[in-house]
Amino acid sequence: MTDTALAGASPDQAAPGRAKRPTSRPAAKPHGQWKVDGTAPLNANETWKQEDNGLNVRERIESVYSKHGFDSIDGTDLHGRFRWWGLYTQRKPGIDGGKTATLEPHELEDKYFMLRVRIDGGALTTEQLRVIGQISVDFARDSADLTDRQNIQLHWIRVEDVPEIWRRLESVDLSTTEACGDVPRVILGSPVAGIAKDEIIDPTPLIHELAERFIGDPELANLPRKFKTAITGHPSQDVVHEINDVALVGLVHPELGIGYDLWVGGALSTNPMLGKRLGAFVRPDQAADVWLGVTSIFRDYGYRRMRTKARLKFLLADWGPEKFRQVLEDEYLGYKLADGPAAPKPSSPGDHIGVHEQKDGRFFIGATPLAGRLSGSQLVKLAATLEAHGSQRLRTTPHQKIVVLDVPQAQVEPLVAELDALGLSARPSVFRRGTIACTGIEFCKLAIVETKLTAATAVAELERRLADLTASKQLPEALSLHINGCPNSCARIQTADIGLKGMMLPTPDGDPTPGFQVHLGGGLASVEREEAGLGRTVRGLKVTADELPDYVERVVRKFVADRSADQTFAEWAFAADEGDLQ
């Protein structure tokens, strides 16, 4: 009998005269789950997090580092704990993308910081906007980027200026607390919370409760990795809930009334996974406890040994939704959640671009900058402009847009014109509307290629080249173009109609050039699709940055020429032959 034949037999069934096979196997390595393996740290990152909570670095920034400068900063604080207060060192200018993977962090970084202002629910007053803008003018070389997580990022920040920046932000109830790090990050919220005519439930009180109770709480300030939350009560499902660690989506239960559908375990990066419904209906009075329960499961059961496996999505993939819900109910809530249906397909676009009537008779206006890029001066002018037209509130969005609230009807068109003059279009082209871009090589140490200028160039070229399709109304109303500077997908490349992952590409002369791998046909739940889906990749489909407008023009014209009636770009991209996508 051969060894192959014996492979399926138990040791007791081995052939006579042969030694029995050992019955034990090497024990699987622990995942570093606190409730399973204990809290002893299994890597250097977990060690320093336990030695000193990241929140504690604020005192050292104020009393030591801001007084003695960048060179006085402890290395672990600099590359670790500073993130708990929204601070990352930014990329040193002049280092090309080919060196991103070969240089050490200290070789890539400059002595300046990116500072992320945390804006839970994207809610801002004009006073707060003016303060952020003036901080940018005074301390950040007039930089300001809207992120696709409703934050505003500033650059060129010196550690010496951080205490004064904090003082100014906190004077208007803003902060940078836990804007980065292994903590509960900013809470995404519907940009039209509390004002939309068709809103199911206003999540604003819940977002406020979570922020006030749990952000900055040391008990939740040492999670395995970052933890992202999204909450909406709007039928457009406008907070990209499928790619967050925990999400609550408003709906009406046929017997129990208004509440939330619970999603868990979504995230993209280099190993994308869409979140899963737990099939549970969450009453409004249960929502904060459910959020705390899910976050606590991540803290106690999340994988900590390997940071590449430390997101909640990996735990959910191993447990499955049924077990996750059981642990949540039995160990953390102490009661069963009611079963509930899924929310219906979105009924309107979730970026809220354009002019829309509020439930109080006033109007909100959704406007887009170019790929999220603004300046501090623009923010200051925007605050004054809104006030001059009767508005004192606005929201940032998960699509790098701005939504202005409470505009009197008589002021709508004058304000639309003023916004356009400021670089914020309320009636943008399909390409300007659908394009987002991450920070890119300009400031990010992980980036390989430039993104913001690439996006701006592509939008301008496509508007010019495809003007005929625009005039003949052959373009779809929505077409998303997401540009990312590296594989980490901060710009959500796998969930775009056309998603671009930055990389260096070979050239005939042997010198690598910036370019992108192409993803096609991805998207989240929207008016065009029932559910989220990841984009398609075609072997060998890569384009250089210089060729990007040519490629997008070519594939869009092919789509317009070949699609069947009412076929979306995503549907066409998945049905098309590979040759049609080149």
Side-chain angles (χ1 to χ4, degrees), residues 55 58 61-62 66 84-87 113-147 149-180 183-195 203-217 364 369 372 374-397 401-407 422 424:
L55 293 171
R58 173 163 178 159
I61 292 172
E62 293 178 319
S66 65
W84 271 241
W85 290 95
L87 290 158
F113 293 90
M114 177 275 287
L115 179 67
R116 184 176 294 158
V117 181
R118 181 184 184 116
I119 308 172
D120 290 301
L124 287 171
T125 65
T126 50
E127 179 187 22
Q128 290 172 323
L129 183 68
R130 182 179 291 106
V131 167
I132 296 172
Q134 196 60 50
I135 288 171
S136 170
V137 171
D138 293 345
F139 302 112
R141 300 189 188 181
D142 210 24
S143 63
D145 285 336
L146 297 179
T147 77
R149 292 202 60 80
Q150 296 183 281
N151 296 308
I152 295 177
Q153 290 182 178
L154 309 178
H155 297 280
W156 301 108
I157 298 295
R158 302 186 316 144
V159 71
E160 290 89 341
D161 298 323
V162 170
E164 172 61 15
I165 292 171
W166 281 338
R167 186 194 67 77
R168 294 192 192 184
L169 290 174
E170 290 165 5
S171 72
V172 290
D173 295 323
L174 290 172
S175 80
T176 67
T177 310
E178 296 184 341
C180 314
V183 293
R185 302 281 185 94
V186 66
I187 302 166
L188 296 188
S190 170
V192 295
I195 59 102
T204 304
L206 174 60
I207 293 172
H208 285 169
E209 180 180 0
L210 296 180
E212 291 170 6
R213 286 179 59 187
F214 303 120
I215 303 310
D217 180 355
F364 67 87
L374 287 167
S375 69
S377 300
Q378 284 175 292
L379 299 184
V380 172
K381 291 178 183 177
L382 178 60
T385 299
L386 299 190
E387 290 169 352
H389 291 81
S391 170
Q392 294 185 325
R393 293 196 298 162
L394 67 152
R395 304 269 170 79
T396 56
T397 85
K401 312 292 189 272
I402 281 177
V403 177
V404 180
L405 310 186
D406 308 330
V407 182
L422 283 171
L424 291 157

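Predicted model only: the values in this text are computed from it and were never measured.
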Beyond-backbone contact of [X] with [Y], side-chain heavy atoms, under 4.5 angstrom:
{"X": "Arg168", "Y": "Leu174", "result": "no"}
{"X": "Gln378", "Y": "Lys381", "result": "no"}
{"X": "Asp145", "Y": "Leu374", "result": "no"}
{"X": "Thr125", "Y": "Gln392", "result": "no"}
{"X": "Ile152", "Y": "Leu146", "result": "yes"}
{"X": "Trp85", "Y": "Leu55", "result": "yes"}
{"X": "Ile187", "Y": "Arg118", "result": "yes"}
{"X": "Gln128", "Y": "Val131", "result": "no"}

Donor-acceptor pair, side chain of [X] and main chain of [Y], under 3.5 angstrom:
{"X": "Thr126", "Y": "Arg393", "value": "no"}
{"X": "Glu160", "Y": "Ser66", "value": "no"}
{"X": "Arg141", "Y": "Trp156", "value": "no"}

Can you tell me how far the [atom1] atom of [X] sits from the [atom2] atom of [Y], to the nearest 0.5 Å?
{"X": "Lys401", "Y": "Leu394", "atom1": "NZ", "atom2": "CG", "answer": "15.0 Å"}
{"X": "Arg149", "Y": "Thr397", "atom1": "CZ", "atom2": "OG1", "answer": "12.0 Å"}
{"X": "His155", "Y": "Met114", "atom1": "NE2", "atom2": "CE", "answer": "6.5 Å"}
{"X": "Cys180", "Y": "Arg116", "atom1": "SG", "atom2": "CZ", "answer": "4.0 Å"}
{"X": "Gln150", "Y": "Leu188", "atom1": "CD", "atom2": "CG", "answer": "5.0 Å"}
{"X": "Leu129", "Y": "Leu386", "atom1": "CG", "atom2": "CG", "answer": "7.0 Å"}

With sequence neighbours left out, what residues match [X] under side chain to side chain donor-acceptor pair (under 3.5 Å)?
{"X": "Arg185", "value": "none"}
{"X": "Ser136", "value": "none"}
{"X": "Trp166", "value": "Thr176"}
{"X": "Glu62", "value": "Arg58"}

Open item on the list: Can you list everything that forms a side chain to side chain contact (heavy atoms under 4.5 Å, CB included) with Val137? Sequence neighbours excluded, please.
Closed with: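 Per chain and number, Val137 pairs via side chain to side chain contact (heavy atoms under 4.5 Å, CB included) with Gln134, Asp142, Ser377.
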Task: Minimal non-hydrogen separation, Val407 against Ser391, with atom names - done: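 Taking Val407 first and Ser391 second, the nearest heavy atoms are CG2-CB, 4.4 Å.
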Task: Minimal non-hydrogen separation, Leu379 against Ala144, with atom names - done: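 Result for this residue pair: CD1-CB, 3.9 Å.
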Could you tell me which residues satisfy ring pair (Phe, Tyr, Trp, His ring centres under 6.0 Å) with [X], sequence neighbours excluded, listed by chain and number?
{"X": "Phe364", "value": "His356"}
{"X": "His389", "value": "none"}
{"X": "Phe139", "value": "none"}

- [ ] Evaluate the side chain to side chain contact (heavy atoms under 4.5 Å, CB included) criterion for residues Asp120 and Leu210: first the C-alpha distance (whole Å), next the side-chain angles of each, then the deciding distance (0.1 Å), finally the verdict.
- [x] CA-CA 10 Å; Asp120 290 301; Leu210 296 180; over 6 Å; no
Going by salt bridge (charged side-chain N to carboxylate O under 4.0 Å, His left out), name the residues that satisfy it together with [X], two or more places apart in sequence or in a different chain.
{"X": "Asp217", "value": "none"}
{"X": "Glu209", "value": "Arg213"}
{"X": "Arg395", "value": "none"}
{"X": "Arg130", "value": "Glu387"}

- [ ] Check each of Val172, Val380, Val117, Ile165 against Ile132 using the side-chain contact (heavy atoms from CB on, under 4.5 Å) test, and report the only one that passes.
- [x]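 Testing each of Val172, Val380, Val117, Ile165 against Ile132, the sole residue satisfying side-chain contact (heavy atoms from CB on, under 4.5 Å) is Val117.
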